There are 2 protein chains.
Amino acid sequence: MRQNSQLSGVLHILLHMAELDGPVTSDRLAKMMKTNPVVIRRIMAGLRENGLVQSEKGHGGGWRLTRGLSEMTLLDIYKALGEPAVFAIGNRTESPTCLLEQSANASINQALKDAEDVLLARLRAVTLEDLKNDVGDQVRDLRHWNDHDSTA
Amino acid sequence: MRQNSQLSGVLHILLHMAELDGPVTSDRLAKMMKTNPVVIRRIMAGLRENGLVQSEKGHGGGWRLTRGLSEMTLLDIYKALGEPAVFAIGNRTESPTCLLEQSANASINQALKDAEDVLLARLRAVTLEDLKNDVGDQVRDLRHWNDHDSTA
DNA sequence: TATCATGTAATATCATAAGTTACATGATAG
DNA sequence: CTATCATGTAACTTATGATATTACATGATA
């Protein structure tokens, strides 16, 4: 099954935007993401409607974050993307008349809902600031590992 | 995103098989499921490899359950299907060199893993027998609802 | 030995995400 | 003013994977 990687892609975009001064053009982001500027605009349009970014036309225009990284959770971004389907698993029939199939679907749906609740709770608990800080941790971990390795 | 509905379909198939005496042909199952017999065989082949069903060729042949409904959990069936991808959400790049993207992916993956653990735990807790019994509950609920409705 | 059923490879169909093209709208520099 | 730059967006193309179909092989039974 094909996977939707918009969330992963958008996080990447936003973290890079936060590192740059001033607005960033769709062309520049597209090069960073190795994709087409129109794809960037489509994604960013959703974020703009949810107030996470703003856009400016003309010379010196582009995209800009409207809040600090610590004020954007992964859940905010997921919602801004239109809450794309979480699961690759679904029901064969939407409203089956067969009672057995209804029962099977109900059970699957309950399990999926419980899992989705956990997922959204996790996304709500992480901000973009956390992700940025994690990079520092990773670098530190790496250095520690290297130190350990070279002294062993 | 397109959804994989094999789990839902297979539960439906197995519950019907348990209701019928003797082996059931792929053709008959295909008609029940409004699909093609080859699709049924493909799915059932996976279940057979995991010992959940057995097949017999020739006259009077077909598919048969190898255990009682109470000895088959939804997790057993999920595994027999080859543990298909649970999530429609994925990473944009498998092994990104960008540290920011690594951090974003790591966080998403952790959230997905937590959710997957919950999902599998739920699937492990439900047997086909439970699903069959749930049908009774639904019928009772419906009757209760109708009683309530008609006496209100 | 004719018929029935599974086994399976090869191919076709269909839905959807992602990518591309083309052109409209609006802002700014000169 | 107008040339340029940037977003806005509709229409179209491409790529991918799930599902469906066809065709034929294998094995069991009446």
Side-chain angles (χ1 to χ4, degrees), chain A residues 1-10 12-13 17 20 22-49 52-64 66 81-94, chain B residues 1-10 12-13 17 20 22-49 52-64 66 81-94:
Chain A
M1 161 129 345
R2 194 120 190 237
Q3 290 196 319
N4 178 333
S5 59
Q6 283 195 1
L7 182 59
S8 164
V10 165
H12 190 192
I13 288 174
M17 281 174 64
L20 301 171
V24 192
T25 66
S26 303
D27 272 293
R28 190 161 172 201
L29 289 173
K31 289 216 173 68
M32 281 179 176
M33 308 287 294
K34 294 198 174 78
T35 183
N36 193 289
V38 175
V39 174
I40 299 289
R41 287 189 199 117
R42 271 204 291 251
I43 294 174
M44 299 300 274
L47 299 193
R48 187 188 47 221
E49 281 162 21
L52 301 184
V53 299
Q54 58 192 191
S55 61
E56 293 150 40
K57 290 182 171 179
H59 279 274
W63 301 93
R64 194 193 293 270
T66 56
L81 290 173
E83 310 193 22
V86 169
F87 298 104
I89 292 176
N91 294 148
R92 200 183 64 95
T93 309
E94 203 49 49
Chain B
M1 160 129 349
R2 196 117 188 242
Q3 291 195 317
N4 178 334
S5 58
Q6 283 195 358
L7 182 58
S8 164
V10 165
H12 190 192
I13 288 174
M17 282 174 65
L20 301 170
V24 191
T25 66
S26 303
D27 272 292
R28 191 160 172 202
L29 288 174
K31 289 215 174 69
M32 281 179 176
M33 308 287 295
K34 294 200 175 78
T35 182
N36 192 288
V38 175
V39 174
I40 299 290
R41 289 192 197 112
R42 269 204 293 253
I43 293 174
M44 298 302 274
L47 300 192
R48 187 187 49 221
E49 282 162 22
L52 301 185
V53 299
Q54 57 191 191
S55 61
E56 293 150 40
K57 289 181 172 181
H59 281 275
W63 300 93
R64 195 191 294 269
T66 56
L81 290 173
E83 310 194 24
V86 169
F87 297 105
I89 292 177
N91 293 149
R92 199 182 65 96
T93 308
E94 204 48 49

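These values consider heavy atoms only, across backbone and side chains, with no hydrogens, waters or symmetry-generated copies. Since the structure is predicted, the reported quantities are computational estimates derived from the model, not experimental observations.
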For a quick test of reading the model: is some side-chain N or O of Ser55(A) closer than 4.0 Å to OP1 or OP2 of dG8(D)? yes
Nearest-angstrom distance from the residue atom CE of Met17(A) to P of dT7(D): 10 Å
Duplex segments of DNA chain D, taken as runs of at least three Watson-Crick or G-U pairs that stay under 3.5 Å: C:1-30 with D:1-30
Protein-to-nucleotide contact annotation, 5' to 3' order, nucleotides 25-30 of chain C [B base; S sugar-phosphate only; - none; under 4.0 Å, heavy atom]: BBBB--
For Glu49(A), check salt bridge (charged side-chain N to carboxylate O under 4.0 Å, His left out) against everything at least two apart and list the hits. none
Below 4.0 Å: OP1/OP2 of dA20(D) and any side-chain N or O of Thr35(B): yes
Among all residues two or more places apart in sequence or in another chain, which pass the side chain to side chain contact (heavy atoms under 4.5 Å, CB included) test with Ser8(A)? Asn91(B), Arg92(B), Glu101(B), Asn105(B), Ile108(B)
Run the side-chain donor-acceptor check on residues 36-48 of chain A: report pairs under 3.5 Å with partners two or more places apart or on a different chain.
{"residue": "Asn36(A)", "atom": "OD1", "partner": "Val38(A)", "partner atom": "N", "Å": "2.9"}
{"residue": "Arg48(A)", "atom": "NH1", "partner": "Ser55(A)", "partner atom": "OG", "Å": "3.1"}

Using heavy atoms and a sub-4.0 Å distance, could you list which residues of residues 37-44 of chain B are near DNA chain D? By number, please. Val38(B), Val39(B), Arg42(B)
Provide, to the nearest angstrom, the distance between the CZ atom belonging to Arg28(A) and the P atom belonging to dT7(D). 12 Å
With a 4.0 Å limit, can you tell me whether Arg92(A) has a side-chain N or O closer than that to the phosphate oxygens OP1/OP2 of dT19(D)? no
Minimum side-chain heavy-atom gap Met17(A)-Trp63(A) below 4.5 Å: yes
Would you say Ser26(B) reaches dA5(C)'s phosphate, i.e. side-chain N/O to OP1/OP2 under 4.0 Å? no
dist Ile89(A):CD1 -> Phe87(B):CZ (nearest 0.5 Å) comes out at 8.5 Å
Starting at CG of Asn36(B) and ending at P of dT22(D), how long is that distance when rounded to a whole Å? 8 Å
Nucleotide dA28(D), atom P - distance to CH2 of Trp63(B) in whole Å: 15 Å
Who pairs with Arg64(B) by salt bridge (charged side-chain N to carboxylate O under 4.0 Å, His left out), at least two apart in sequence or on another chain? Glu56(B)
